[in-house]
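First up is the structure itself, then whatever we jot down about it.
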Amino acid sequence: MIKAVKGTRDLLPPSTEVWNKVEAVAREVFRTYNYHEIRTPILEETQLFARGVGADTDIVTKEMYTFTDRDETSVTLRPENTASVIRAYIEHRLDQRPGVQKLYYMGPMFRRERPQKGRYRQFFQIGAEAIGSESPVVDAEVIEMVMEVLERAGLGGAKLLINSVGDHNCRPQYVEKLREELKDAAPQMCGDCQRRAETNPLRVLDCKVEADQPIIEKLPTIIDYLCDPCRAHFEAVKQYLGDRGIEYEVRPRMVRGLDYYMRTTFEVVHGALGAQNSVLGGGRYDGLAESLGSKVHSPGIGFSIGEDRLVMSVEGEQRATPLDLCVAPLGEAAVRHGAVMARDFRRAGVSVELVEGKLKRVMELANKLGARFTLIIGDNEMAAGRYALKDMTTGDQQSLTRDEIAARLAAARS
RNA sequence: GUGGGCGUAGCUCAGCUUGGUAGAGCGCCGGAUUGUGGUUCCGGUGGCCGAGGGUUCGAAUCCCUCCGCCCACCCCA
């Protein structure tokens, strides 16, 4: 028995209706902010992620699906999409196009982690990138937009967390300071933290071990060490969010896992997601283009929604997709007659299922399919040009002409 | 990579402690006479009990190994 590979899954109806709805909502919101879709390959040269995401990150060191192609180049199934979008931006000289480039995407990403609730090896992201501006106005607009998507997708009770992680100017100084403090503090902390103090000091900040919290609270935060330009940027972002009435919480200890982030970072969390409670993450990446070899400075900011997680927290009771009409032809001649009628109704936008068989069986099936109406076509009906249309909710049945039926169906759909 | 929980019918699960070669509900299919669904009643389909090995006269049940799924750590979407 062949099964879906570990960490991947089949999305079946009616759940796929929810996915489509979420995607449709996102596209509609993106449209109103003048974002346009970009589709990049799922397969990229491994170098792209090593340089873009960061050679020392968990993603690159142990989570990528990498293999050697037949021409000996190393290729990787994309673990995220920002690096690809920037690659495409550089490759196609989108910096030469007028204005800020506002791009969105949706599709599968791959990371070889141990699966658990809300975490899959193939997962789907809906994301957007605004490239070509350093303005905090853009930061606020991007955040506003993604919050709009969440709200219109039906997600309630989500919490927006923001932070600034500084830039190449102030962050190294902060990390240095943190390292210093940790020399004294780390020995009293959990084993993981002692290890992290060496490898990645920033990670100590979001340790969840209860006993470590008092110590962590005394450690300096990046916010206190921001250089003036970074501080001004962060203050502006907060002000613009305030102008829009967007509620947020500053989390000075929030750390992001990708190296390219600088200045603004943000995240939205939601309960009922299990331990993986983050629905989306994003931030500014002003140096990413350069680290991918671009000669033009291309500052940008973007986010990525975990679509699996969004669907999970939005998904309520799923009712089967409604069917407008079930056609029940009685006999061979009626099947031919009914098939033509079905085509005409479909052309008018009505969803139609044509079912052969004994009337009783067809009626039972129509009921199970949730058909709004059933159209019975027998010899009498064909001779008279009037057909029996049964309203499955009320049980009423009327003898109507084609045009009358079309009108009834149209009326019921509106 | 490391823990913990769980694998019995399409689905949700009982049976396992105290071994005697499988059950319920739902679903699916059919019937309750002619071209009418939902409710009810009757009948039926359906399982190498995750896989392999061991103990035993006999294993879904006890023991070992493996595999799979889930949850958590880690990390992140």
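The structure displayed is predicted, hence computed values, not measured ones. In the text below, chain A, chain B and the rest are named by the order of the sequence lines, each starting its count at 1. Side chains are part of it too, since the values below use all heavy atoms of this structure and drop only hydrogens, waters and symmetry mates.
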Starting from the C-alpha separation in whole Å, work towards a yes-or-no answer on side-chain contact (heavy atoms from CB on, under 4.5 Å) for Leu409(A) and Phe345(A).
-> CA-CA 9 Å; Leu409(A) 293 172; Phe345(A) 289 135; 3.9 Å; yes

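Contacts of Leu359(A) with the nucleic acid, taken as non-hydrogen atoms under 4.0 Å apart, include base atoms. Residue-level contact check: Tyr120(A) touches the bases, meaning some heavy atom is under 4.0 Å from a base atom. Note on Glu364(A): only backbone sugar-phosphate atoms sit closer than 4.0 angstrom, heavy atoms only; bases stay farther off. Within 4.0 Å of Gly127(A), counting heavy atoms only, lies no atom of the nucleic acid at all. Arg361(A) comes within 4.0 angstrom of the backbone, heavy atoms only, and of no base. Looking at heavy-atom distances under 4.0 Å, Thr393(A) makes contact with a base. Within 4.0 Å (heavy atoms only), Gln122(A) reaches no atom of the nucleic acid at all. Val279(A) comes within 4.0 angstrom of sugar-phosphate atoms only, judged by non-hydrogen atoms across all strands, and of no base. Counting any heavy atom pair closer than 4.0 Å across all strands shown, Leu365(A) reaches no nucleic acid atom. At a threshold of 4.0 angstrom between heavy atoms, the contacts of Arg119(A) include nucleobase atoms, whether or not backbone atoms are also involved. The residue Asn380(A) sits close to a base: some heavy atom pair falls under 4.0 Å. Lys117(A) comes within 4.0 angstrom of sugar-phosphate atoms only, judged by non-hydrogen atoms across all strands, and of no base.
Taking atom CG of residue Leu330(A) and atom C1' of nucleotide rG35(B), one finds them 6 Å apart after rounding to whole Å. Residue Leu273(A) contributes atom CG, which lies 10 Å from atom P of rA72(B) at whole-angstrom precision. In this entry the distance linking NZ of Lys360(A) with C1' of rA32(B) reads 8 Å, nearest Å. Look at CD on Glu113(A): it is 14 Å from P on rC70(B), rounded to the nearest Å. Atoms CG (Asp10(A)) and C1' (rC69(B)) sit 14 Å apart, rounded to a whole Å. Whole-Å rounding puts the Leu369(A) CG to rG27(B) C1' distance at 15 Å. Here rG37(B) presents its C1' atom at 15 Å from CZ of Phe373(A), a figure rounded to the nearest Å. As rounded to whole Å, 6 Å separates atom C1' of rC74(B) from atom NZ of Lys62(A).
Listed nucleotides rU36(B), rC75(B), rU2(B) differ in distance to Ile376(A); the shortest reach to its side chain belongs to rU36(B). The side chain of Asn367(A) has rG37(B) as its nearest neighbour among rG31(B), rG37(B), rC71(B). Across rC70(B), rU36(B), rC75(B), the shortest atom-to-atom separation from the side chain of Pro115(A) is found for rC70(B). Of the candidate nucleotides rC69(B), rC75(B), rG35(B), rG35(B) has the atom nearest to the side chain of Ala388(A). Side-chain proximity of Lys358(A) to rG37(B), rG31(B), rA77(B): nearest is rG31(B). Comparing rA77(B), rC73(B), rC75(B) by their closest approach to the side chain of Glu63(A) singles out rC75(B). Here rC28(B) is the nucleotide among rC28(B), rG35(B), rC74(B) with the atom lying nearest to any side-chain atom of Lys368(A). Side-chain proximity of Leu280(A) to the nucleotides rG35(B), rA77(B), rG1(B) is greatest for rA77(B). The side chain of Met392(A) approaches rG37(B) more closely than any other nucleotide in the set rA77(B), rG37(B), rG35(B).
Within a 6.0 Å sphere centred on CD of Glu45(A), other residues, nucleotides and ligands contribute 12 heavy atoms or fewer.
Residues from residues 30-43 of chain A with heavy atoms under 4.0 angstrom of RNA chain B: there are none. Near-neighbour residues of RNA chain B inside residues 138-154 of chain A, defined by a heavy atom below 4.0 Å, are absent.
Using P as the reference atom, rA24(B) and rA9(B) are 14 Å apart when rounded to the nearest Å.
Nucleotide rG3(B): paired with rC71(B) (Watson-Crick or G-U wobble, both distances less than 3.5 Å).
Ring centroid separation for the pair Tyr105(A) and His36(A) does not come in under the 6.0 Å cut-off.
Here Leu365(A) contributes atom CG and Glu356(A) contributes atom CD; the two are 12.0 Å apart, rounded to the nearest 0.5 Å.
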